[in-house]
Amino acid sequence: MADNLILRVMSKALIPVIILFALYVQFHGDYSPGGGFQAGVIFSSAILLYVMVFGLDAAAKVLPDKALIFTASFGVLLYAGTGVVSLFLGGQYLNYSLLANTAMAGQHIGIIVIELGVGLTVASVMLLIFFTFARRTRVE
Amino acid sequence: MNILLTGAAIAIMFTMLLALIRALMGPTVFDRVLAVNMFGTKAVLLVAVFAFISGRPDVLDIALLYSLLNFVGVVAALRLVQRGKEYAQKKLEEDAQ
Amino acid sequence: MKLTASLSLFLSALWLLLSGHYDILLISMGVASVLFTIYMSHRMKIIDDEGHPIHLKGQFFKFWFILSGKIFTSNIDVALRILGVKPIQPQLIKLKLDQDSDLSKVIYANAITLTPGSASLHIEDGYLFVHTISREGAEELLNGDMAKLIPKGITGENQ
Amino acid sequence: MNLDLIADITTAILVSFGCFLGIIGGLGMHRLGDFYSRLHAVGITDTLCSFLILSGLAFQAGLTLVTVKLILVFLFLFFTSPTASFSLANNAWNWGLKPENLPVELAESYEGDDS
């Protein structure tokens, strides 16, 4: 589909906007609907558009499988790590209030880090699943 | 004002119903995808109207998102149709051999 | 470089308009998001003058102004045809694409699709196949009314 | 107070006209004969109908960030819908779907061009 002129030009303009929108949803989880999970899915839909217009091989160069596996596990680690840090600070698992001087600031930092972990994991696992299936059904 | 917007929401839903009937009837697969595309556009407008009825403008983010994802969805559906045709042709050639 | 700068400016403006919360934490997150988006776009190699036509500047506004007028009138026209006031006469025509750049071709084809009553179907060998719902619309396109409006793109840089 | 009333009336006119156009577009999906004609019905709902409804809502919101979001929704629809329509039509064309109800002389000349 890369020879489809109109689709190519329009997706060049749209992909950065979709990625920025995904990050907006990621960081505004506490003000408007959204959060890590939704952001991850939106981000992967931007990559999906890229795959459909420019092909699977170009996308594999942009996001190699190794990097995706790394970010998937890093997201889980971030999530669990935050819990363990609060455990070491003398609270319960995932008790954000102890992460900073005041309980409010601690809650804020905790939720942002947790959402970041969720977003990273969801985006990379989604893309890994998609890449795996897309390679399997390719017509030679 | 809420009465008018509720009326508008009902009118939009009626249009969505018409599009849905076309999506179910559509003789070719392209008619169906076209109807689903129209359904998506109407859903964006419905979400925007709903944001004003309920007085929660935050919901507009969902309308923004839906207008972007509708496009990705249509492209993905078309890609699937194209794939299906390539696959069917390959199958035919294999059977002929 | 100029394109990257303009894209980052555009994305920052988009972030500020979407966000609506202007404290230090969210602004710094916005900066990080814009930088990440620019980085991803660089990796995808999608920053070029097709995706970000900043060279069009002034001609663009005049084009949109005239096009929106056309869209308005043709909407009424097609609505009347659907209601049965005017007849429906589908036509298929072939238009010569003498625009020099890919971007201009895309703008031309999209402008035709945006106006209800005419839809571009296919691009082949410098010809654009257009389906119109009425004879008048087809004649108008064949006269080249729309083609005159299209802004000029850059030649040479992209193939 | 008076300004509010004017805004309300403007919204009422714009939104009801937009909904009317939307229903016409929906009817067009059924009244028009073949796939390529139905593209024009979708064209109505994608352009003027959505413009009227969203601008009617913008009169309710006033000069705030909500209006900016409505404008963004409209711009996204405005740029994505012709692209989606084109790639749909182009796929149908490449698939081999032929337009129906063409006038006879035109259909013949088209057949001649194609070969």
- Message: Donor-acceptor pair, distance only, cut-off 3.5 Å: does the side chain of Glu115(A) make one with the backbone of Gln26(A)?
- Response: no
- Item | Per-residue contact mode, Val17(A) against chain D (heavy atom under 4.5 angstrom) | side chain
- Task: Calculate, to the nearest 0.5 Å, the distance between atoms CD1 and OG belonging to Ile19(A) and Ser45(A) respectively.
- Result: 9.5 Å
- Query: Quick one: does Thr121(A)'s side chain have a donor or acceptor within less than 3.5 Å of a partner on Val76(A)'s backbone?
  - Reply: yes
- Heavy-atom contacts under 4.5 Å, residues 74-86 of chain D to chain A: Phe76(D), Phe79(D), Thr80(D), Thr83(D), Phe86(D)
- Task: Determine whether more than 12 heavy atoms belonging to other residues, nucleotides or ligands lie under 6.0 Å from atom CZ of Phe74(A).
- Result: no
- Task: Evaluate the ring planes of Phe21(A) and Tyr24(A), with Trp represented by its six-membered ring, and classify them as parallel (under 30°), tilted (30 to 60°) or perpendicular (over 60°).
- Result: tilted
- Verdict with reasoning, Ser37(D) to Asp34(D), per side chain to side chain donor-acceptor pair (under 3.5 Å): CA-CA 6 Å; Ser37(D) 309; Asp34(D) 68 329; 2.6 Å; yes
